[in-house]
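Here is the structure we will look at.
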Amino acid sequence: MTDPTSVRAGARRPQRYLPMQILLGFLVIYFLVPFWWVIVNSSKDAPGLFGGGNTLWFTDQIDYLGNLEQLFTYDGGIYLRWILNSTLYAIAGGVGATVLSVMAGYGFAKYRFAARRFSFAVVLGALMVPATALVIPTFIMFSRLGLTNTVWAVILPSLLNPFGVYLMHVYARDAVPDELLDAARVDGAGEIRTFLQIALPLMRPAVVTVLLLSAVASWNNYFLPLAMLSDNRLFPVTVGLGLWQGIASANNSGGTSLWSLIILGSLVSVIPLVIAFFSLQRHWRGGLSVGGLR
């Protein structure tokens with residue numbers, strides 16, 4: 001026979017989570033409303049943007065294709081060049097930073113060497129330094145090397161990711177058993193083979209996480225390329241849209257309303273990040289499932 005007290009307790013239990021659900025609902029609305037605003041206003045022309053209508057709903061004239069054509073043809077198609085530049089910086093910086101973070105984090109976690117604690121403390125200290133504080137010293141150093149206004153001025157600083165090193169160190173320390181590495185060495189596997197065939201598959205969720213975070217940081221980087229680059233053909237999309245915003249604010253767009261292009265360009269620049277997230281999240285689920293089975 002069912003206890004009425006337990007039935008009443010079970011009925012009341014969902015109410016405990018009601019305030020949290022309300023809070024999460026407000027957070028969802030808070031984060032989705034700006035994205036919805038960009039989607040809606042990307043379909044409008046200048047009269048639709050500044051005509052005083054509802055900014056959170058479409059007008060009678062929805063012209064995504066026309067706006068896209070104007071976006072990719074304005075100023076000789078410079079926006080497409082900016083997208084390709086951002087792709088180059090994100091791939092080179094993301095992959096390079098991930099490779100260095102994986103090797104450094106694994107080395108700190110599984111090897112004992114002189115000044116290991118001091119070196120790792122330096123890495124932790126680098127986490128406390130804002131990236132913007134390093135832009136001016138980095139610019140001076142690259143200027144003396146003659147690398148400013150080149151793609152290397154954006155790619156090389158992006159290869160250093162102290163947080164990625166720390167994350168890989170913590171994950172490798174807990175997810176890769178020392179006994180498993182010792183067994184591989186006893187079987188005759190070298191250090192490189194042990195790392196590639198034993199340790200690296202176990203660290204896959206953390207590797208994907210560092211890769212995604214590094215690529216997103218490189219894609220969204222604004223202050224570093226703004227300081228390093230003077231040729232607008234080398235700009236990433238973030239700096240390029242900032243250039244257009246300055247031109248639009250000064251009304252020097254030559255008869256073309258750049259605000260529609262800026263909004264649509266912002267929407268287009270987000271799409272690669274969304275695709276990257278949804279395409280890589282299966283590796284998180286796969287890695288966590290493997291870890292659970294072990």
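FYI, the numbering just counts along the sequence from 1.
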Worksheet item: Strictly by modelled atom types, are Asn161 and Ser101 linked by a side-chain donor-acceptor pair under 3.5 Å?
Response: no
Practice prompt. With sequence neighbours excluded, tell me which residues meet ring pair (Phe, Tyr, Trp, His ring centres under 6.0 Å) with Phe58.
Written response: Trp36
Fill in: Residues forming a ring pair (Phe, Tyr, Trp, His ring centres under 6.0 Å) with Phe72, sequence neighbours excluded
Tyr79
Item to complete: Give me the one residue out of Tyr166, Tyr171, Phe120 that meets ring pair (Phe, Tyr, Trp, His ring centres under 6.0 Å) with Phe108.
Response: Phe120
Discussion item. Is there a side-chain contact between Asn149 and Leu234 in this structure, where contact means two heavy atoms from C-beta onward sitting under 4.5 Å apart?
Written reply: yes
Fill in: Other cluster members, Ile275 - Ile/Leu/Val/Met/Phe/Trp/Tyr, side-chain contacts below 4.5 Å
Ile271
Worksheet item: What's the spacing between Asp75 CG and Trp82 CH2 if we round to 0.5 Å?
Response: 7.0 Å
Item to complete: For Tyr106, check ring pair (Phe, Tyr, Trp, His ring centres under 6.0 Å) against everything at least two apart and list the hits.
Response: Tyr111, Phe195
Worksheet item: Is Leu127 reachable from Val165 through a run of I, L, V, M, F, W or Y residues, each pair having side-chain heavy atoms under 4.5 Å apart?
Response: yes
Practice prompt. Evaluate the side-chain proximity of Trp219 to Pro272: yes if any heavy-atom separation is below 4.5 Å, no if none is.
Written response: yes
Item to complete: Quick one: closest heavy-atom pair of Gly94 and Ser218, and the distance?
Response: N-OG, 4.1 Å
Worksheet item: More than 12 foreign heavy atoms under 6.0 Å from CZ of Phe113: is that the case here?
Response: yes
Worksheet item: Considering residues at least two apart in sequence or located in another chain, which fulfil the salt bridge (charged side-chain N to carboxylate O under 4.0 Å, His left out) criterion with Glu69?
Response: none
Discussion item. Filter on salt bridge (charged side-chain N to carboxylate O under 4.0 Å, His left out), then keep only pairs touching residues 207-231, sequence neighbours left out; what's left?
Written reply: Asp231-Arg233
Worksheet item: In Å and rounded to the nearest 0.5 Å, what is the CG to CG distance from Leu258 to Leu241?
Response: 10.5 Å
